[in-house]
Amino acid sequence: MALASVEGLTFSYPGSPPALDDVSLRIDPGEIVLLLGASGSGKSTLVRALGGLVPWFHGGTFSGRVEIAGRDTRSTHPSALAGTVATVFQDPEDQVVLGQVEAEIAFGLENVGTRPDEILPRAHAALASVGASHLAGRRVAELSGGELQRICLASALALRPELLLLDEPTSQLDPDGAEAFLDHAFGSGAAVVISEQRPAAALRHADRVLFLDRGRIVLDAPRDEAVAWLDEHRPAWTAEPTDNVSQEGTGDVVARLSGIRFAYGDGPLVLDGASLELRRGEIVALTGPNGSGKTTLAKLGAGLLEPQGGAVERDGRAAFLLQDPGRYLVRETALDEVALGAGTERAKRVLAEVGLAWAEDRHPRDLSSGERERLALATVLVTEPDLLVLDEPTRGVDPERKNELAELLRAQAARRATLVVTHDVAFAASVADREVSLGAVREALVA
């Protein structure tokens, strides 16, 4: 008997075309299914439907049938599926509910009625399984995006679900962390449905691959057959990284950080002696393990933080794109959002440059996660900064759009200095003139 079955599922959000259109599939116990597709193709909606959140927590029109462990999701509240199904969402910041890590893991166990004497041992075991035991006593607000993703996975694994749903779970993880994350998830014994825009690692583990296009399944095949189909029909999803021609920047210095020291509150030093120089005309990729201080260094360079030691010099205007841009989209249409930083005509031009000309009149919250990333990019590009700082700009963005983003940044490189904080190895290789790695031997920034 299938663990999950979907029959003729069609779902539309209010005022929008179908996000899912006549989707049918079955998932067997222990099966690993990789879900691929362009931004806005319906992947997240399908994940939410498998968790019962569609239709319970999302307004819209639902037809068809979804059953999880024999229970129809139209008549079974998602809370009744807790323990059978667990989900790690695209935006871990929106998933946590408590302020301390250990309490966050215990919260889910308490809600499914776990015996009190089992709660802390299972919480600690789950943290250990994702390599996060050292975070047990930390406050959630102090964690990096990648650390927070591991905590969300630990919360899910602690429930020992039969079906584990992962929506872009490695988007903020460094390569080693992503591999470890997937090893833990796939080794849990649960059936796994994983939506990924960095598919290489997940492809190695998948039993089966689904590809969605405009809400319809256009591929449902075993891994090897699927790889051959992707090579022919969607080569961006299987292409190997290609290095950009490396060159040192020769333009004027736009930003110089020298001997930077910084700590949050009374905590330990996040940066101790960091130095970095950014020149007009070059794109620099800033890489390194989760928690190594990349975002902190980027914020210091853009002027969002002040150093506690050392010096920051800037020549011109800086613009910073946060890891989670959805948090600061405030207007009713995409065009109005971008026009906040400039006139309407310039906003129209920049929306077209990022592939969102069609979305001018759409509400930002109606866009997919990847589309919101591109909208947020437009809001900073429109200001024509001298220093552009992008923090994980490919989060939730499909491979074809990543290629377009790399081409756009390369085409505009001469206008500014660009710093890209990223864990996306393929994107860094395709776009950067120079890579600087926090904590790495070859160009260490942390003393």
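Numbers here simply count residues along the sequence, with the first being 1.
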message: I need the minimum non-hydrogen distance between Val23 and Gly215, along with the two atoms involved.
response: CG2-O, 3.3 Å
Donor-acceptor pair, side chain of Lys43 and main chain of Gly37, under 3.5 angstrom: yes
message: Taking Thr333's backbone N and O only, do any of them form a donor-acceptor pair with His363's side chain (distance below 3.5 Å, no angle check)?
response: no
task: Give a yes or no on whether a salt bridge exists between Asp386 and Arg280, defined as a side-chain N under 4.0 angstrom from a carboxylate O.
output: yes
query: Under 3.5 Å, side chain of Asp398 to main-chain N/O of Ser39, donor-acceptor pair present?
result: yes
- request: Locate the shortest heavy-atom distance separating Ser44 from Asp167; write the atom from each residue and the value.
  value: OG-OD2, 2.8 Å
message: Could you go through Leu257 and Ser275, starting from their C-alpha distance and side-chain angles, then the distance that decides it, and tell me whether this counts as side chain to side chain contact (heavy atoms under 4.5 Å, CB included)?
response: CA-CA 5 Å; Leu257 294 83; Ser275 297; 5.9 Å; no
- prompt: Given side chains that start at C-beta, do those of Leu276 and Leu419 come closer than 4.5 Å, heavy atoms only?
  reply: yes
query: Which atom pair, heavy atoms only, marks the closest approach of Leu98 to Ala103?
result: CD1-O, 3.4 Å
task: Give a yes or no answer on whether the side chain of Arg317 reaches the backbone of Thr383 with a donor-acceptor pair at less than 3.5 Å.
output: yes
message: Can you confirm whether Val284 sits close enough to Val420 that some side-chain heavy atom of one is under 4.5 Å from a side-chain heavy atom of the other?
response: no
- prompt: Side chain of Arg346, backbone of Val382: donor and acceptor closer than 3.5 Å?
  reply: yes
- request: Determine yes or no for a side-chain-to-main-chain donor-acceptor pair under 3.5 angstrom, with Asp391 supplying the side chain and Thr295 the backbone.
  value: no
statement: CG of Asp315 to CG of Leu387, rounded to nearest 0.5 Å, is 10.5 Å
Shortest non-hydrogen contact between Pro307 and Ile260, atoms and distance: CB-CD1, 3.9 Å
query: With the threshold set at 4.0 Å, does a side-chain nitrogen-carboxylate oxygen contact exist between Asp433 and Arg410?
result: yes
message: Check this for me: Arg138, atom CZ, are more than 12 non-hydrogen atoms of other residues, nucleotides or ligands nearer than 6.0 Å?
response: yes
- request: Taking the side chain as every heavy atom from C-beta outward, state whether Leu375 and Val354 have any atom pair closer than 4.5 Å.
  value: no
message: To check you understand the geometry: which heavy-atom pair defines the closest contact between Ala202 and Leu182, and what is its length?
response: N-CD1, 3.9 Å
message: Is there a side-chain contact between Ile105 and Leu120 in this structure, where contact means two heavy atoms from C-beta onward sitting under 4.5 Å apart?
response: no
query: Considering only heavy atoms from C-beta outward, does the side chain of Phe320 approach that of Val380 to under 4.5 Å?
result: no
statement: To the nearest 0.5 Å, atom CG of Leu300 lies from atom CG of Leu271 at 6.5 Å
- request: Among Glu407, Glu384, Glu353, find the one that has a side chain to side chain donor-acceptor pair (under 3.5 Å) with Gln412.
  value: Glu353
- request: Check the side chains of Glu196 and Thr170 for a donor-acceptor pair under 3.5 angstrom, ignoring hydrogens and angles.
  value: yes
message: Quick one, Val209 with Leu36, criterion side chain to side chain contact (heavy atoms under 4.5 Å, CB included). Give me CA distance, side-chain angles, the key distance, then yes/no.
response: CA-CA 7 Å; Val209 178; Leu36 301 178; 3.9 Å; yes
query: Nearest heavy-atom pair of Gly42 and Leu20: which atoms, and what distance?
result: O-CD2, 3.4 Å
message: Check whether Arg208 reaches the backbone of Arg223 with its side chain - one donor and one acceptor, N or O, closer than 3.5 Å.
response: no
query: Any side-chain heavy-atom pair from Leu165 and Ile194 closer than 4.5 angstrom?
result: no
message: Under a plain distance cut-off of 3.5 Å, with no hydrogens placed, do Glu435 and Thr287 share a side-chain donor-acceptor pair?
response: yes
message: Would you call the rings of His58 and Tyr13 parallel, tilted or perpendicular, taking 30° and 60° as the class edges?
response: perpendicular
statement: One should read off an interatomic distance between Ser188 OG and Leu164 CG, to the nearest 0.5 angstrom, of 5.5 Å
task: Could you tell me whether Arg279 and Glu277 have a side-chain N and a carboxylate O separated by less than 4.0 Å?
output: yes
- line: Here the gap from Ser195 atom OG to Phe89 atom CZ, rounded to the nearest 0.5 Å, amounts to 12.5 Å
- request: May I ask you to test the Val96-Cys152 pair for a side-chain heavy-atom distance under 4.5 Å?
  value: yes
field: Ion pair Arg395/Glu168, N-O distance below 4.0 Å
entry: no
- request: Measure the spacing between CG of Leu163 and CG of Leu50 and express it to the nearest 0.5 Å.
  value: 6.5 Å
message: Within this structure, what is the CZ-OG distance for the pair Arg122 and Ser129, rounded to the nearest 0.5 Å?
response: 12.0 Å
- request: Flag the pair Glu104 and Arg139 as a salt bridge only when some basic side-chain nitrogen lies within less than 4.0 angstrom of an acidic carboxylate oxygen.
  value: no
query: Stepwise, does the side chain to side chain contact (heavy atoms under 4.5 Å, CB included) test hold for Lys348 with Leu335?
result: CA-CA 7 Å; Lys348 286 176 176 285; Leu335 181 60; 3.8 Å; yes
task: Please work out which of the three classes, parallel, tilted or perpendicular, describes the rings of Phe211 and Trp237, given edges at 30° and 60°.
output: perpendicular
message: Using the rule given for side chain to side chain contact (heavy atoms under 4.5 Å, CB included), can you reason through Arg256 versus Arg314, listing the C-alpha separation, both sets of side-chain angles and the distance that settles it, and then say yes or no?
response: CA-CA 7 Å; Arg256 180 182 288 116; Arg314 277 182 303 276; over 6 Å; no
- prompt: Does some side-chain heavy atom of Phe181 sit less than 4.5 Å from a side-chain heavy atom of Val130?
  reply: no
- request: For Glu282 and Arg416, indicate whether the former's side chain and the latter's backbone hold a donor-acceptor pair under 3.5 Å.
  value: no
Lys/Arg-Asp/Glu bridge criterion (N-O < 4.0 Å) met for Lys402, Asp424: yes
field: Heavy-atom neighbours of Arg362 CZ exceed 12 at 6.0 Å
entry: yes
query: Is there a donor-acceptor contact under 3.5 Å linking the side chains of Asp213 and Ser41?
result: no
query: Is the closest basic N to carboxylate O distance between Glu404 and Arg401 below 4.0 Å?
result: yes
field: Side-chain donor or acceptor of Thr418 paired with backbone N/O of Ile283 under 3.5 Å
entry: no
message: Determine whether a donor-acceptor pair (N or O, by modelled atom type, separation under 3.5 Å) exists between the side chain of Ser155 and the backbone of Ile151.
response: yes
field: Plane angle bin for Trp229 and His233 - parallel if under 30°, tilted between 30 and 60°, otherwise perpendicular
entry: tilted
